[in-house]
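See below for the structure under consideration.
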There are 4 protein chains.
Amino acid sequence: MGSTTTPRRSNTRQRIQDVALKLFLEQGYEKTALREISDELGVTKAALYYHFKTKEDILVSLFLDLGRKMDELIAWGKRQPRELTVKQELLARCSVIFHDAAPLFDILIANQATLDALSVGQDFKDRVAALSDLLQEENSSLNARVRCATSLLTLHFGTFAIRQLDGDPEEKRLALLAGATELLTSAHEGVLSGVAGPSAGVPPEG
Amino acid sequence: MGSTTTPRRSNTRQRIQDVALKLFLEQGYEKTALREISDELGVTKAALYYHFKTKEDILVSLFLDLGRKMDELIAWGKRQPRELTVKQELLARCSVIFHDAAPLFDILIANQATLDALSVGQDFKDRVAALSDLLQEENSSLNARVRCATSLLTLHFGTFAIRQLDGDPEEKRLALLAGATELLTSAHEGVLSGVAGPSAGVPPEG
Amino acid sequence: MGSTTTPRRSNTRQRIQDVALKLFLEQGYEKTALREISDELGVTKAALYYHFKTKEDILVSLFLDLGRKMDELIAWGKRQPRELTVKQELLARCSVIFHDAAPLFDILIANQATLDALSVGQDFKDRVAALSDLLQEENSSLNARVRCATSLLTLHFGTFAIRQLDGDPEEKRLALLAGATELLTSAHEGVLSGVAGPSAGVPPEG
Amino acid sequence: MGSTTTPRRSNTRQRIQDVALKLFLEQGYEKTALREISDELGVTKAALYYHFKTKEDILVSLFLDLGRKMDELIAWGKRQPRELTVKQELLARCSVIFHDAAPLFDILIANQATLDALSVGQDFKDRVAALSDLLQEENSSLNARVRCATSLLTLHFGTFAIRQLDGDPEEKRLALLAGATELLTSAHEGVLSGVAGPSAGVPPEG
DNA sequence: TATGAATGAGTATTCATTCAT
DNA sequence: GATGAATGAATACTCATTCAT
C-alpha cells in the first residue's frame with residue numbers, strides 16, 4: 001500500500017494531442033505529416049495508430065469538448081424564450097466558449113477548405129448555424145438579419161483576429177463582445193434606416 | 001480605327017485561370033491537383049507549365065488585380081486627412097473592392113493555413129493590416145481599437161459569410177457595410193456604453 | 001522519308017506487363033510489390049502509374065485478351081445446337097485457349113483468394129460458369145452433371161498441373177483433352193451405373 | 001469414475017483455430033489480419049502469440065491432422081502391391097480424406113501462391129506428389145500418365161469445385177470419385193488410341 | 001493467461017515538376 | 001504552343017511481431 005509505482009497507462013495519447021494541436025496550428029492540418037508528430041514525440045508513426053484510428057481521428061478528438069459545450073449552449077438556447085436579453089446572454093456565453101477554445105478556432109478558420117470535406121468541419125458549421133438561428137428574429141428586415149448574422153460572425157472570426165492587438169486578453173474579449181452585442185441589439189431596434197448613400201454607399205455624414 | 005490584328009496569344013492562359021479559380025474555390029488550393037485543371041481543359045499537365053512557372057504562379061496571377069486595387073486604395077488613404085468621414089469612405093471603397101473580388105476572398109479565407117506560407121497570403125495580410133492601420137486612431141481606448149479592427153473584419157469575413165443569406169447581393173453588401181460603418185463610427189464617439197448583460201460578463205461602465 | 005528515328009512511343013507499357021506477369025507468376029499477385037516491378041525495369045514506381053492507374057489495372061490488362069477470346073467462344077457456343085459433338089468441339093476450343101494463356105491460368109489458380117475480391121477473378125469465374133452451362137444437359141442425372149462439370153475442370157486445373165509431367169506440351173494437351181472429352185462423352189451415354197461399392201465407394205472390379 | 005479434474009487448458013487455443021479457419025476461408029490467409037481474429041474472439045492480438053508462435057503457426061496447426069492422415073495413406077499405399085485394384089482403393093480413400101478436410105482444401109487451393117512459399121504448402125504438394133506416384137505405372141504411355149495424374153487431380157480440385165452443384169454431398173462425392181476412377185482405370189487398359197483430330201484436336205465423331 | 005504499448009518494415013498511391021521532342 | 005514520359009519525394013496507413021507487466 002502506498003505504492004509508488006509509475007502509472008501503467010502512459011500519457012502518450014495526451015501528448016499526441018498536444019503536439020498535433022501545436023503543429024496543426026503552426027502548419028495547418030493538411031501540411032502536418034504524421035511523421036512530424038511522431039518525430040517530435042520520439043515515437044514511431046505506428047504508435048500514433050495505436051492511439052488513433054486515422055489522422056482525422058486525432059483532429060476529431062481535439063474538438064470533442066468544444067462540440068459538447070456548443071451543443072449544451074444550443075440546447076439551453078432552445079429552452080429559453082426568444083427575447084433580446086436571452087440572445088445577448090447567448091452571445092456572451094458564446095464569447096466565453098469561443099475564447100476558451102481559441103486555438104481550435106484558429107484551426108477551424110485557417111483550414112476551412114480542408115475541414116469542409118471532413119465531419120469536423122461540417123459538424124461545426126451546423127452548430128454555428130444553429131446558434132445563428134437562435135439569434136435571428138422571424139420576419140425581420142434584411143438589415144436586421146445581416147446584423148444578427150454578423151454579430152455571431154464577429155465573435156467567431158474576431159476571436160481569431162484580435163489576438164494580434166495589444167492589450168489584456170480578457171479586456172479584448174469583452175470589447176469584442178461589446179461590439180457584437182451592439183450589432184445584435186441594433187438589429188432589434190425598430191429604426192434601421194436603410195443605410196446607403198453616395199460613392200459606393202457611404203452614408204452622408206452630418 | 002482600332003487594331004486589326006487578331007490576338008496572337010491564344011486564350012489558353014485565361015482558360016487555365018478560369019478553371020483554376022473554379023477548382024480552387026470548390027476544393028481548395030492544396031486539394032486541387034494540376035491534373036484536374038488540365039483534364040478539365042483537355043490539355044496535358046505539361047501545357048500548364050508553358051503558361052505558368054509553378055502551381056503557385058497560377059494562384060498569384062489570380063490575385064494580381066486585387067492586389068493592385070488594394071494598393072491604390074491604401075495609397076489614397078494615406079494621402080487623406082485622418083478623419084472619420086475619410087475612414088468611412090475607406091470602408092465603403094473596401095466594401096466595393098471586396099465584393100467585386102468575392103471569389104478571391106473565399107479562396108483567401110478558406111485556404112489560410114496554406115496561403116500563409118505563400119507570398120500571396122502574406123501580401124494580402126500586409127495590405128489588410130495597412131488598411132486596418134488607416135482606420136485606427138492613435139491613443140484610442142482598447143474598446144475603440146477593437147471596434148476599428150472589427151469593422152474591417154466584418155467586411156472581410158462578412159463578404160464571405162452573408163452569401164448564404166437570402167436577399168439581393170447589393171442590398172446585403174450595403175447592410176454589411178452599414179454594420180461595419182456603425183462599428184467604426186461608434187469607435188469615434190466618446191461614449192462607448194458597454195453593452196452586455198449578466199453572467200459571462202461585460203464590466204459595467206462607470 | 002525512310003526515317004530511322006527511334007520510336008517515340010516507348011515500349012515501357014509492354015515491358016511493365018512482361019515483368020508483372022513474370023513476378024505475379026513467381027511470387028503471386030499480392031506478394032509482388034510495385035517496387036519490385038519498377039526496380040526490375042530500372043524505372044521509378046511513379047512511372048508505373050503513368051502507364052496504369054492502379055496495381056490491379058496492370059493485372060487486368062494482362063487478362064484482356066483471354067477474356068475476349070472466352071467471350072467469343074461463349075457466344076459461338078450459344079449459337080450452336082445443344083449436341084454432344086458441339087460440346088466436344090467446345091471443350092477442344094477451350095483446350096486451345098487455356099493452353100495459349102497458360103501463365104494466366106497459373107495466376108488465376110494460384111491467387112484465387114486474392115482475385116476473388118477483384119473484378120478480374122469474378123469475370124473469369126462468370127465466364128467459366130457460362131462455359132460449364134453450355135456443357136450441361138438439362139434434366140440429366142447427378143452423375144452426368146458432375147462429369148460435365150468435371151470435364152471442364154479437368155481442362156482448367158489440368159492445364160496448370162500437367163506442366164510438371166515430362167513430354168511434349170502439345171501431346172500433353174491432347175491427352176488432357178482426351179480425358180476431359182471422355183468424361184463429357186460418358187455423361188451423355190445412357191448407361192451410367194450408379195457407381196459405389198465397398199470401402200468408401202470403390203467400384204467392384206470385374 | 002473418470003477424472004475429476006477439470007481441464008486446466010482453456011479452450012482459447014481451439015477457439016483461435018476455429019476463427020482462423022473461418023476467416024482464412026472467407027478472406028484468404030494473407031488478407032486475414034491477426035487483429036481480425038483477435039477481435040472476433042474478444043482478446044488482444046498479443047493473446048494469439050501466447051498460444052501460437054507466429055501467424056503461420058496457426059495455419060500449420062490447422063493442417064496437422066490432414067497431414068497425418070495423408071502420410072498414413074501413403075505409407076499404406078507403399079506397402080501394397082502395385083495393382084489397379086489397390087490404386088482404385090487408394091483413390092477411394094483419398095476421396096474420403098479430401099472430403100473430410102474439405103475446408104482445408106479450399107484454403108490450400110485458394111491460397112496457393114501464398115502457401116507455396118510456406119512449409120504447409122510444400123508439405124502438401126509433396127504428399128500429393130507421393131500419392132500421384134503411387135497411382136502411376138512405370139513405362140506407361142504419356143496418355144496413361146496424364147490420365148493417372150488427372151484422376152487424382154479431379155479429386156483434389158473437384159472436391160473444391162462441386163460444392164456449387166446441387167445434390168447430396170455424399171452422392172456428389174461418389175460421382176466425382178466414379179469419374180476419377182474411370183480415368184484411372186482407362187489408363188490401365190491397353191488401348192488408348194492417341195486421341196487427336198481436326199480443329200484443335202476434337203476427335204472425329206463416328 | 002493475457003494485455004497495453006510500441007516498433008520496423010512495408011505498401012499503394014499522389015503530386016508538382018522537368019525535359020526532350 | 002504543347003505533349004509523352006518519367007522522376008523524386010512525400011503521405012496515410014497496415015501488419016506481424018515483441019515485451020514488460
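Every chain is numbered from 1 and lettered A, B, ... according to where its sequence line falls, protein lines coming before strand lines. Being a predicted model, the structure only gives us computed values, none of them experimental.
Atom-to-atom, CD of Q27(B) to C1' of dC15(E) comes out at 14 Å; the value is rounded to the nearest Å. Atom pair D39(B):CG and dT14(E):P shows a separation of 13 Å (rounding to whole Å applied). Atoms CD1 (I58(A)) and C1' (dC13(F)) sit 12 Å apart, rounded to a whole Å. Protein atom CG of L48(C) is 13 Å distant from nucleotide atom P of dT11(E), rounded to whole Å. Protein atom CD1 of I16(C) is 14 Å distant from nucleotide atom C1' of dT7(F), rounded to whole Å. Distance CZ (R15(D)) to P (dA2(E)): 9 Å, rounded to an integer number of Å. In this structure, E30(D) atom CD and dT14(F) atom P are separated by 17 Å, rounded to whole Å. Distance K45(B) NZ to dT14(E) C1': 9 Å, rounded to the nearest Å.
Listed nucleotides dA2(E), dA16(E), dT17(F) differ in distance to K55(B); the shortest reach to its side chain belongs to dA16(E). The side chain of V43(C) sits closest to dT7(F) out of dA6(F), dA16(F), dT7(F).
Few gaps surround NZ on K31(D); more than 12 heavy atoms of other groups in view lie less than 6.0 Å from it.
Separating the CZ atom in R13(C) from the CD atom in Q17(C) is a distance of 5.0 Å, to the nearest 0.5 Å. The structure places CG of L104(A) at 9.0 Å from CZ of F124(A), a figure rounded to the nearest 0.5 Å. Between the CG atom of L108(C) and the CG atom of L59(C) there is a distance of 8.5 Å, given to the nearest 0.5 Å. The distance from atom CD1 of I16(C) to atom CG of L48(C), rounded to the nearest 0.5 Å, is 5.0 Å.
OP1 and OP2 of dG4(E) both lie 4.0 Å or more from every side-chain N or O belonging to H51(A). At the phosphate of dA6(F), neither OP1 nor OP2 sits under 4.0 Å from any side-chain N or O atom of Y50(C). Look at T12(B) and you'll find a side-chain N or O under 4.0 angstrom from OP1 or OP2 of dA2(F). Side-chain nitrogen and oxygen atoms of R35(C) include none within less than 4.0 Å of the OP1 or OP2 phosphate oxygen of dG10(E).
Within 4.0 Å (heavy atoms only), A46(A) reaches at least one base atom of the nucleic acid. Within 4.0 Å (heavy atoms only), T32(D) reaches sugar-phosphate atoms of the nucleic acid but no base atom. Residue A33(A) is classed as a sugar-phosphate contact, given heavy-atom separations below 4.0 Å to backbone atoms only.
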Per-pair distances, 0.1 Å, donor-acceptor, side chain in residues 111-118 of chain B, under 3.5 Å, sequence neighbours excluded:
from	atom 1	to	atom 2	distance (Å)
N111(B)	OD1	Y29(B)	N	2.9
N111(B)	ND2	I107(B)	O	2.9
T114(B)	OG1	E30(B)	OE1	2.9

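Checked for salt-bridge contact, D71(B) and R68(B) miss the test: no charged N lies under 4.0 Å from a carboxylate O. Salt bridge absent: R15(A) and D18(A) never bring a charged side-chain N and a carboxylate O closer than 4.0 Å.
Along DNA chain F, the nucleotide closest to L34(D) and the one closest to E56(A) are compared, and the more 5′ of them pairs with E56(A).
Consecutive Watson-Crick or G-U pairs involving DNA chain E, each under 3.5 Å on both distances, make up stems of three or more pairs at E:2-21 with F:2-21.
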